[in-house]
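Here the structure is laid out as structure tokens; the discussion comes afterwards.
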Amino acid sequence: MGLTKEEIQSLFTEKFEIAHNSDSENGSDSYWKYEYFKVPGYDRPDDLPDHADHVIDYVALVNKQIGAYLYMEWKNNKLSLYSIAYVNPKDNEVHLYVMNHDGTVSDRPVSP
């Protein structure tokens, strides 16, 4: 937490995408997303609420259209929150790992 956009970019070989229609209640001013192990031709479906990038594409994770989904929120050019949606190999369920604005962490199964 607190890393700059430039510091985060230096950690990844993949190019981030600007996330749209994000729903932050903590004053974040920009949003990024990374979709890992994405099958060619995958696009987020139109039926996700207003194409909101903070909403997990549960079906794509279960069907292995994407391997993991990383979402980041920025405030004043500093990382303020991130989440990773993934299929946990231990229980084969979609999980959401979140590092919250206040530094607390959660990692729990989610439902569609």
Side-chain angles (χ1 to χ4, degrees):
M1 299 295 282
L3 295 172
T4 66
K5 291 179 179 180
E6 293 76 21
E7 290 170 321
I8 293 294
Q9 278 183 299
S10 73
L11 299 173
F12 294 96
T13 57
E14 296 85 358
K15 173 86 172 97
F16 70 90
E17 294 180 53
I18 301 293
H20 299 284
N21 295 329
S22 294
D23 182 24
S24 178
E25 298 173 0
N26 292 297
S28 295
D29 49 39
S30 61
Y31 314 90
W32 288 2
K33 65 180 180 176
Y34 289 88
E35 294 167 329
Y36 289 97
F37 313 112
K38 182 169 53 171
V39 298
Y42 166 78
D43 281 319
R44 288 177 64 80
D46 292 339
D47 63 342
L48 292 176
D50 298 321
H51 297 281
D53 286 327
H54 68 280
V55 176
I56 298 167
D57 188 349
Y58 185 93
V59 172
L61 286 162
V62 168
N63 292 332
K64 298 182 179 11
Q65 291 175 298
I66 55 174
Y69 184 77
L70 172 60
Y71 171 81
M72 299 177 183
E73 291 190 3
W74 302 93
K75 186 174 183 176
N76 301 321
N77 200 41
K78 301 276 186 178
L79 183 63
S80 63
L81 173 143
Y82 68 90
S83 66
I84 304 168
Y86 65 99
V87 175
N88 187 321
K90 293 180 183 176
D91 61 11
N92 237 12
E93 297 288 329
V94 174
H95 281 239
L96 183 63
Y97 176 94
V98 180
M99 172 66 79
N100 293 294
H101 298 278
D102 63 5
T104 59
V105 174
S106 64
D107 188 3
R108 61 182 174 76
V110 294
S111 57

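Both backbone and side-chain heavy atoms feed into the values below; hydrogens, waters and symmetry mates do not.
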Item to complete: Compare every heavy atom of Val39 with every heavy atom of Lys64, then report the nearest pair and how far apart it is.
Response: O-CG1, 3.6 Å
Discussion item. Looking at Ser80 and Glu73, would you say the former's side chain and the latter's main chain have a donor-acceptor pair under 3.5 Å?
Written reply: yes
Worksheet item: Is a side-chain donor or acceptor of Asn100 paired with a backbone partner of Asp102 at a separation under 3.5 angstrom?
Response: no
Fill in: With sequence neighbours excluded, residues passing salt bridge (Lys or Arg N to Asp or Glu O under 4.0 Å) with Lys78
none
Discussion item. Could you see if Leu81 belongs to whatever hydrophobic cluster contains Val110? Use Ile, Leu, Val, Met, Phe, Trp, Tyr and a side-chain cutoff under 4.5 Å.
Written reply: yes
Worksheet item: Roughly how far, to the nearest 0.5 Å, is the CD1 atom of Ile84 from the OH atom of Tyr69?
Response: 12.5 Å
Worksheet item: Shortest non-hydrogen contact from Ser28 to His101?
Response: OG-CE1, 3.5 Å
Discussion item. What's the separation between atom CD in Glu6 and atom OG1 in Thr4, rounded to the nearest 0.5 Å?
Written reply: 4.5 Å
Discussion item. Once side-chain contact (heavy atoms from CB on, under 4.5 Å) is applied, do any residues pair with Tyr36, and if so which ones, sequence neighbours excluded?
Written reply: Phe12, Glu14, Tyr34, Ala68, Leu70
Fill in: Rounded distance (nearest 0.5 Å) linking atom CG of Leu79 with atom CE of Met99
9.0 Å
Fill in: Rounded distance (nearest 0.5 Å) linking atom CD1 of Ile8 with atom CH2 of Trp74
4.5 Å
Worksheet item: Out of curiosity, Arg108 CZ to His95 NE2, how far, rounded to the nearest 0.5 Å?
Response: 10.5 Å
Worksheet entry | pair Tyr86-Asp107: side-chain heavy atoms closer than 4.5 Å | yes
Practice prompt. Over all heavy atoms of both residues, which pair between Ser83 and Val98 is shortest? Give the atoms and the distance, please.
Written response: CB-CG2, 3.9 Å
Discussion item. Using the rule that Ile, Leu, Val, Met, Phe, Trp and Tyr join whenever any side-chain heavy atoms are under 4.5 Å apart, tell me whether Ile56 and Val62 fall into a single cluster.
Written reply: yes
Worksheet item: Is there a side-chain contact between Glu93 and Asn88, using heavy atoms and a 4.5 Å cut-off?
Response: no
